[in-house]
Amino acid sequence: MPAGLPLPSGLSPEERSAHEKARRLARVLASDISIYNREKKERGIREGNLVAMLGYEIKKSWEIYKERVGSEFANSTPYFRDALNDLLADGKKIF
């Protein structure tokens with residue numbers, strides 16, 4: 001089960017599927033940033049400037065995420081932020 005809060009209760013099967021897909025996409029995007037920018041990630045964590053260090057990559061991934069799930073959905077759910085904290089910030093609440 002992906003990290004983060006449980007899915008909201010009372011969702012229809014279609015809504016539940018949309019939430020699960022959005023959470024998966026967020027985790028894939030955050031994982032890609034982490035994998036392809038390993039040195040910058042490690043340096044950003046070490047120096048305490050992870051957001052500044054990977055800002056461009058995060059912004060680019062956020063735009064892809066919003067495009068795929070819709071801006072309103074992206075802005076009203078925590079999945080992208082949760083994925084960044086879990087996979088990019090090694091579980092710390094940075095984002």
Side-chain angles (χ1 to χ4, degrees):
M1 176 101 191
L5 300 173
L7 295 177
S9 59
L11 297 174
S12 71
E14 295 82 18
E15 291 169 324
R16 183 170 189 77
S17 176
H19 280 262
E20 288 170 347
K21 286 177 182 173
R23 181 155 52 186
R24 254 192 320 275
L25 175 60
R27 292 183 65 79
V28 165
L29 291 169
S31 178
D32 283 354
I33 295 170
S34 182
I35 289 167
Y36 294 112
N37 299 279
R38 193 174 312 274
E39 286 180 24
K40 284 170 78 173
K41 173 190 167 183
E42 290 170 1
R43 196 166 88 223
I45 289 173
R46 192 172 53 248
E47 296 174 3
N49 63 353
L50 184 62
V51 177
M53 188 70 63
L54 291 171
Y56 174 76
E57 291 83 357
I58 293 166
K59 185 176 182 347
K60 205 163 66 169
S61 290
W62 172 245
E63 294 302 322
I64 292 168
Y65 182 72
K66 283 194 313 186
E67 185 179 297
R68 298 235 186 114
V69 304
S71 288
E72 188 176 321
F73 189 88
N75 286 314
S76 65
T77 57
Y79 307 131
F80 191 79
R81 184 186 66 236
D82 287 350
L84 292 178
N85 283 325
D86 189 35
L87 299 168
L88 209 52
D90 294 340
K92 297 179 184 78
K93 300 281 187 238
I94 293 178
F95 300 94

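Everything numeric in this text was worked out from a predicted model, so none of it was measured.
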- [ ] Would you mind checking if Arg27 and Asp86 are paired as a salt bridge, meaning a charged N to carboxylate O distance below 4.0 Å?
- [x] yes

Open item on the list: Could you tell me if the side chain of Asn85 sits less than 4.5 Å from the side chain of Asp90, heavy atoms only?
Closed with: no

Open item on the list: Are Glu67 and Glu63 packed together at the side-chain level, in the sense that at least one heavy-atom pair is separated by less than 4.5 angstrom?
Closed with: no

Task: Over 12 foreign heavy atoms within 6.0 Å of CD, Glu47 - done: yes

Task: Considering all heavy atoms, the nearest Glu15-Gly10 contact - done: OE1-O, 4.3 Å

- [ ] Could you give me the CA-CA distance, side-chain angles and deciding distance for Ser34 and Lys41, then say whether side chain to side chain donor-acceptor pair (under 3.5 Å) is met?
- [x] CA-CA 7 Å; Ser34 182; Lys41 173 190 167 183; 3.1 Å; yes

Open item on the list: Test your reading of the model: is there a side-chain donor-acceptor pair from Ser17 to the backbone of Pro13, 3.5 Å cut-off?
Closed with: no

Task: Hydrophobic cluster identity match, Leu87 and Leu84, side-chain contacts under 4.5 Å - done: no

TODO: Could you grab the distance from atom CD of Glu20 to atom CG of Leu11, nearest 0.5 Å is fine?
DONE: 9.0 Å

Task: Test side-chain contact (heavy atoms from CB on, under 4.5 Å) applied to Ser31 and Val28, Ile35, Leu29, the passing residue - done: Ile35

Open item on the list: So, taking the atom named OH in Tyr79 and the one named NZ in Lys21, what distance separates them when rounded to the nearest 0.5 Å?
Closed with: 14.0 Å

- [ ] Heavy atoms only: give me the nearest Ala26-Ala83 pair and the separation to one decimal.
- [x] O-CB, 3.5 Å

- [ ] Please confirm whether the backbone N or O of Ile58 pairs with a side-chain atom of Ser61, one donor and one acceptor, at under 3.5 Å?
- [x] no

Task: Between CE on residue Met53 and CG on residue Leu88, distance to nearest 0.5 Å - done: 11.5 Å

Open item on the list: With a 4.5 Å cut-off on side-chain heavy atoms, are Phe73 and His19 touching?
Closed with: yes

- [ ] Check whether Ile45 and Tyr56 end up in the same hydrophobic cluster, where Ile, Leu, Val, Met, Phe, Trp and Tyr are linked by side-chain heavy atoms less than 4.5 Å apart.
- [x] no

- [ ] May I ask you to decide whether Arg43 forms a salt bridge with Glu39, counting only side-chain N to carboxylate O separations under 4.0 Å?
- [x] no

TODO: May I ask you to decide whether Lys60 forms a salt bridge with Glu57, counting only side-chain N to carboxylate O separations under 4.0 Å?
DONE: no

Open item on the list: For a 4.5 angstrom cut-off between non-hydrogen side-chain atoms, does Phe80 reach Val69?
Closed with: no

Task: Pairwise side-chain contact, Leu50 with Phe95, heavy-atom cut-off 4.5 Å (strictly under) - done: yes

